[in-house]
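Single-structure report; data block below.
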Number of protein chains: 2
Amino acid sequence: MKSSRDVAGDSGASATDRMRASALKDDVSFLLARANALSLSAGHAALAPFNLRVRSYSILALVADDIRPSQRDIAEHLRLDPSQVVSLIDDLQTRGLVKRDPDPTDRRTNVVVMTDEGRELFRSAHDAVRAAERDLHSHLSPDQRERLSELLLLVAFPD
Amino acid sequence: MKSSRDVAGDSGASATDRMRASALKDDVSFLLARANALSLSAGHAALAPFNLRVRSYSILALVADDIRPSQRDIAEHLRLDPSQVVSLIDDLQTRGLVKRDPDPTDRRTNVVVMTDEGRELFRSAHDAVRAAERDLHSHLSPDQRERLSELLLLVAFPD
DNA sequence: TATTGTTATACTCTATAACTATA
DNA sequence: TATAGTTATAGAGTATAACAATA
């Protein structure tokens, strides 16, 4: 049904094939966007049982292990606006997963720390995310995954 | 100013350093999201002079070179909902950059084709995007860029 | 003066459902 | 019965500006 239009084209290739060979084919930005979209979908699916979104999960990850970032630190690392961090932390705090600690050396800043509940939820969520990621990249060799991770680190943190 | 809190921490590393070493450090999803955010910013900045967004630019790229995709084809390749493609094409068509051609073999489907104006605008925009991308990845070697592209292709199109 | 957190607002993007015309 | 395009709507994400408290 769909191929009837395709064979009517000037070449033997389908529109889908021609799109793959389009100007976007070696466009890292486009590949990044598409890869990210797939990864986001998988992430949200994996996190739904924990009532977390990718962004709230990322905040939990940054707050785990006594990292003690300020809201500003979190905003910069996650490339979020500080005002977005406010409502994300509000939500996590309401749920008892993190809390705001006053910084004794600067009364303007809040240091965000994890509660025991948060730690426990994050542990489970972390496992689920890693499993989903393993599944999503199961067609890559361990070596390819390693190299992808290294290269992405360079692109994500250019400094 | 900022380091006063950091040195008060239990380790000598700043919160920023500790965040980099967090559970997210080897999380391909996170690196993908951050790299994509940087790439999107650069892309939008490069495309602003042409009055294009990344998504409308991507559609132009898919419509160039007599690819003749249907709106459905575009939606799938770009991972957009078909309803989003409608308004994107509406806008591009209003601006005279693309047009909808009826498919002679299936009266339900529109084949999207480029106008001469669209072709010309795309050529300039394409150059600008490639320049911005070169700039963004100037700290990567040509070999690293090549490998990144190959690996991303595998992740973006797993099939 | 500059910075942290906060509130408010508007805009873009994403996801879903329902409808029509065709197949 | 299924598919292409369309309309409508709500929710999530993004960007910006302004403010109070503090440095």
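Note on naming: letters A, B, ... go to the chains in the order of the sequence lines (proteins, then strands), and numbering restarts at 1 for each one.
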Subject >> Centroid-centroid under 6.0 Å between B:F122 and B:Y57 rings >> reply: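 Centroid distance B:F122-B:Y57: below 6.0 Å, so yes.
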
Original post:
How about A:F50 and A:H126: are their ring centroids closer than 6.0 Å?
Top reply: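 That pair fails the under 6.0 Å test.
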
**OP:** Return the 5'-most residue of the pair B:Q84, A:D81 with respect to DNA chain D, ranking by each residue's nearest nucleotide.
**Re:**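 Result: B:Q84.
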
**OP:** Tell me which of B:S83 and A:R55 sits closer to the 5' end of DNA chain D, going by the nucleotide each one is nearest to.
**Re:**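 Between the two, 5'-proximity favours B:S83.
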
[X]/[Y] ion pair, N-O < 4.0 Å:
X	Y	answer
A:D159	B:R20	yes
B:R107	B:D103	no
A:D27	B:R134	no

Subject >> Distance below 4.0 Å between B:R53 side-chain N/O and C:dC13 OP1 or OP2 >> reply: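 Yes, such a contact exists.
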
Subject >> Under 4.0 angstrom between A:R72 side-chain N/O and C:dT4 OP1 or OP2 >> reply: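 Checking C:dT4 against A:R72, a side-chain N or O does come within under 4.0 Å of OP1 or OP2.
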
Looking only at the side chain of [X] (C-beta and beyond, no hydrogens), which of the listed nucleotides [options] gets closest?
X	options	value
A:R108	D:dA21, C:dG5, C:dC13	D:dA21
A:D106	C:dT7, D:dA2, D:dT22	D:dT22
B:D90	D:dT7, C:dT7, C:dT22	D:dT7

Original post:
At under 4.0 Å between heavy atoms, what does B:R79 touch on the DNA or RNA strands: base, sugar-phosphate, or nothing?
Top reply: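 Result for B:R79 = nothing.
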
Distance, rounded to the nearest Å, where [X] contributes [atom1] and [N] contributes [atom2]:
X	N	atom1	atom2	value
A:D103	C:dG5	CG	P	9 Å
A:L80	D:dT16	CG	C1'	15 Å
A:L88	D:dT14	CG	C1'	12 Å
B:L40	D:dG13	CG	P	15 Å
B:Y57	C:dT12	OH	P	21 Å
B:D91	C:dC13	CG	P	11 Å
B:D101	D:dA4	CG	P	18 Å
B:Q71	C:dT22	CD	C1'	15 Å

**OP:** Return yes if the base of C:dT22 and the side-chain atoms of B:R107 contain a donor-acceptor N/O pair under 3.5 Å, otherwise no.
**Re:**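 Counting by modelled atom types and ignoring angles, no donor-acceptor contact under 3.5 Å is found here.
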
Original post:
Hey, is the side chain of A:S70 pairing donor to acceptor with the base of C:dT4 inside 3.5 Å?
Top reply: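 Check fails, no donor-acceptor contact within cut-off.
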
Subject >> Residue mapping more 5' on DNA chain C - nearest nucleotide basis, A:H44 or A:V86 >> reply: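 Checking each residue's closest nucleotide, the 5'-ward one belongs to A:V86.
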
